[in-house]
Amino acid sequence: MSMYRPEKADELIKTAKAMVAPGKGVLAIDESNGTCNKRFEANGIDATEEKRRQYRELLLTTPDLEKYVSGAILFDETIRQSAADGTSFIDVMHKRGQVVGIKVDTGAKPLAGSDGEKVTEGLDGLRERLGEYYEMGARFAKWRAVITIDTAKGLPTRGCIEANAHALARYAALCQEAGLVPMIEPEVLIDGEHDIATCEQVTEEGLVEVFDQLHRQNVMLEGVILKTSMVISSKGASNRAGVDEVADRTVETLLRTVPAALGGVVFLSGGQGVEESTAHLNAMHKRHGDRLPWPLTFSYARAIQGPALEYWKGEPGNVEEAQKRALKRARFNGLASQGEYSADMESA
Ligand code: 13P
């Protein structure tokens, strides 16, 4: 069956449009406690629930952030927390006109029968959890799948690509039934030594499979946001491709694989440098802006938060300057989403 419309189709389309409104992107602050703690420890910050709360408050209450950030993806702990003045984070975001998102997968686990690949879990009981999040005020939900490239081992395997795409589609259909826009995230990892052509080939194969599975599960594309990795050289590649090549290959790959009806495309930063993430998005718009059938913007975690976290160090006296650093990245990425960023702005 095709052309299926979920009961809440109009609401889903409206939410998706708000998430990728012109000049805006989505902030990712949905690190699991384990990942958040690791980043805290690297910056000498205590790994406690209260510190995690303070840090999310710092980011969510950054003055003017809503000019460039349409919404944020929260972790289950965070969506239940409040600012120091007692206002729930959900209310903090709603007052700023932002869309509340929630990470709903339960993590990437070793794929049985595979030599080092992962499959993302979290479908059991998902309908009930989505219903609760919708009641709380969430309007979109994220699920991250990871695809590992290892040419020596012959990875990724079809089994891994298909298992992850199938789970993404099952979760996406459940989200739309509940009135939540699925933000589907099939991430091709930047780790390894492969070149950009290999990344392009794997990204294409993965996206073709994801959209095939979405079709089979009657997911309405107008109410879906794709969160994808860029087509990029791996960290260990000998000749890493430059900004224009990343922009060109990423756009060409998306044009070949992502239906024009999709609600929008956003990028993860995935271990790229902070300024590099902004430059890549900007180049895509500068070089190909008139060819893009869908809004194309950012949904970075590290590339927005990184400079703020490094400055904050868990000290109350550093909050204001840390917020300025987060705002700077949000503003530059907002400009990049319209092709209006330039590297000179970094030093101005
Ligand atoms: P990064 O931008 O740090 O890759 O995080 C985005 C994200 O949501 C990863 O799941």
Side-chain angles (χ1 to χ4, degrees), residues 1-22 24-26 70 99 101 120 139-145 147 156 158 161-188 199-231 246-268 281 284-285 287-299 337:
M1 191 170 79
S2 62
M3 289 174 62
Y4 172 78
R5 273 180 77 81
E7 218 170 284
K8 294 183 175 155
D10 292 346
E11 184 185 351
L12 293 166
I13 293 168
K14 201 170 140 221
T15 301
K17 285 201 167 121
M19 290 165 67
V20 292
K24 295 186 186 181
V26 177
S70 59
V99 189
T120 301
R139 288 296 177 269
F140 75 96
K142 190 193 97 167
W143 178 290
R144 172 173 176 258
I147 305 293
R158 280 302 304 173
I161 287 173
E162 286 172 17
N164 276 296
H166 179 76
L168 277 167
R170 294 270 318 277
Y171 126 88
L174 282 163
C175 284
Q176 291 197 332
E177 178 189 274
L180 294 155
V181 168
M183 180 188 259
I184 56 170
E185 184 181 17
E187 175 176 0
V188 176
C199 178
E200 178 169 347
Q201 192 194 338
V202 170
T203 304
E204 175 168 330
E205 192 179 343
L207 288 175
V208 167
E209 186 63 29
V210 164
F211 284 100
D212 185 29
Q213 292 287 342
L214 290 178
H215 180 73
R216 287 166 200 250
Q217 299 300 329
N218 291 322
V219 175
M220 182 188 69
L221 295 184
E222 291 83 349
V224 173
I225 300 292
L226 169 69
K227 176 162 179 167
T228 182
S229 37
M230 294 182 191
V231 173
V246 170
D248 294 354
R249 286 189 188 250
T250 301
V251 168
E252 298 300 344
T253 302
L254 293 174
L255 288 174
R256 286 197 298 268
T257 54
V258 181
L262 195 80
V265 179
V266 297
F267 291 107
L268 56 100
L281 178 61
M284 290 181 212
H285 282 276
R287 295 165 71 80
H288 305 284
D290 53 353
R291 302 169 64 208
L292 306 175
W294 1 253
L296 184 72
T297 186
F298 63 92
S299 177
S337 74

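Any value given below was found using the heavy atoms of this structure, including those in side chains, with hydrogens, waters and symmetry copies removed.
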> Please walk me through it: do Val258 and Phe211 pass side-chain contact (heavy atoms from CB on, under 4.5 Å)?
Replying inline: CA-CA 7 Å; Val258 181; Phe211 284 100; 3.9 Å; yes
Roughly how far apart are [X] [atom1] and [Y] [atom2], rounded to 0.5 Å?
| X | Y | atom1 | atom2 | value |
| --- | --- | --- | --- | --- |
| Glu252 | Asp248 | CD | CG | 7.0 Å |
| Leu255 | His288 | CG | NE2 | 8.5 Å |
| Leu268 | Met183 | CG | CE | 10.0 Å |
| Leu168 | Thr120 | CG | OG1 | 7.0 Å |
| Glu205 | Ile147 | CD | CD1 | 9.0 Å |
| Asn164 | Glu185 | CG | CD | 11.5 Å |

May I ask you to test the [X]-[Y] pair for a side-chain heavy-atom distance under 4.5 Å?
| X | Y | result |
| --- | --- | --- |
| Phe267 | Leu281 | yes |
| Trp294 | Leu226 | no |
| Val251 | Leu292 | yes |
| Thr203 | Pro186 | no |

>> Test of understanding: with ring-ring contact (aromatic ring centres under 6.0 Å, His included), list the residues that count as partners of Tyr171, not counting sequence neighbours.
In response: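 ring-ring contact (aromatic ring centres under 6.0 Å, His included) check on Tyr171 returns Trp143.
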>> Applying side-chain contact (heavy atoms from CB on, under 4.5 Å) to Phe140 and Ile225, what does each step give before you reach the verdict?
In response: CA-CA 9 Å; Phe140 75 96; Ile225 300 292; over 6 Å; no
Looking at every heavy atom in both [X] and [Y], which two are closest together, and how far apart are they?
| X | Y | answer |
| --- | --- | --- |
| Leu12 | Pro6 | CD1-CG, 3.8 Å |
| Ser229 | Val188 | OG-N, 3.0 Å |
| Tyr4 | Asn218 | CD2-O, 3.1 Å |
| Val99 | Ala18 | CG2-CB, 4.1 Å |
| Arg5 | Ile13 | NH1-CD1, 4.4 Å |
| Pro156 | Ile161 | CG-CD1, 3.9 Å |

Are the side chain of [X] and the backbone N or O of [Y] linked by a donor-acceptor pair below 3.5 Å?
| X | Y | result |
| --- | --- | --- |
| Gln176 | Met220 | yes |
| Thr257 | Leu207 | no |
| Ser70 | Met19 | yes |
| His285 | Leu296 | yes |

>> Whether Glu187 and Lys227 form a salt bridge (side-chain N of Lys/Arg under 4.0 Å from carboxylate O of Asp/Glu) is what I want to check.
In response: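 Glu187 and Lys227: not salt-bridged.
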>> Taking the basic N atoms (NZ, or NE/NH1/NH2) and the acidic carboxylate oxygens, is any pair closer than 4.0 Å for Glu222 and Lys14?
In response: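 Looking at Lys14 together with Glu222, the answer is no, because their closest N to O distance does not fall below 4.0 Å.
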>> side-chain contact (heavy atoms from CB on, under 4.5 Å) for Val266 and Thr228? Distances and angles first, verdict last.
In response: CA-CA 6 Å; Val266 297; Thr228 182; over 6 Å; no
>> Once salt bridge (Lys or Arg N to Asp or Glu O under 4.0 Å) is applied, what residue pairs with a partner in residues 253-266 remain, sequence neighbours excluded?
In response: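 Applying salt bridge (Lys or Arg N to Asp or Glu O under 4.0 Å) to every pair that reaches into residues 253-266, excluding sequence neighbours, yields Glu200-Arg256, Glu204-Arg256.
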> Do any pairs count as a salt bridge (Lys or Arg N to Asp or Glu O under 4.0 Å) and have a residue in residues 164-177, sequence neighbours left out, and if so which ones?
Replying inline: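 The answer is Arg127-Glu177.
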> Any side-chain donor paired with an acceptor under 3.5 Å for Glu209 and Gln213?
Replying inline: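 Looking only at side-chain atoms, Gln213 and Glu209 do form a donor-acceptor pair, the distance falling under 3.5 Å.
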> So Met230 and Met284, side-chain contact (heavy atoms from CB on, under 4.5 Å) or not? Walk me through it.
Replying inline: CA-CA 11 Å; Met230 294 182 191; Met284 290 181 212; 3.7 Å; yes
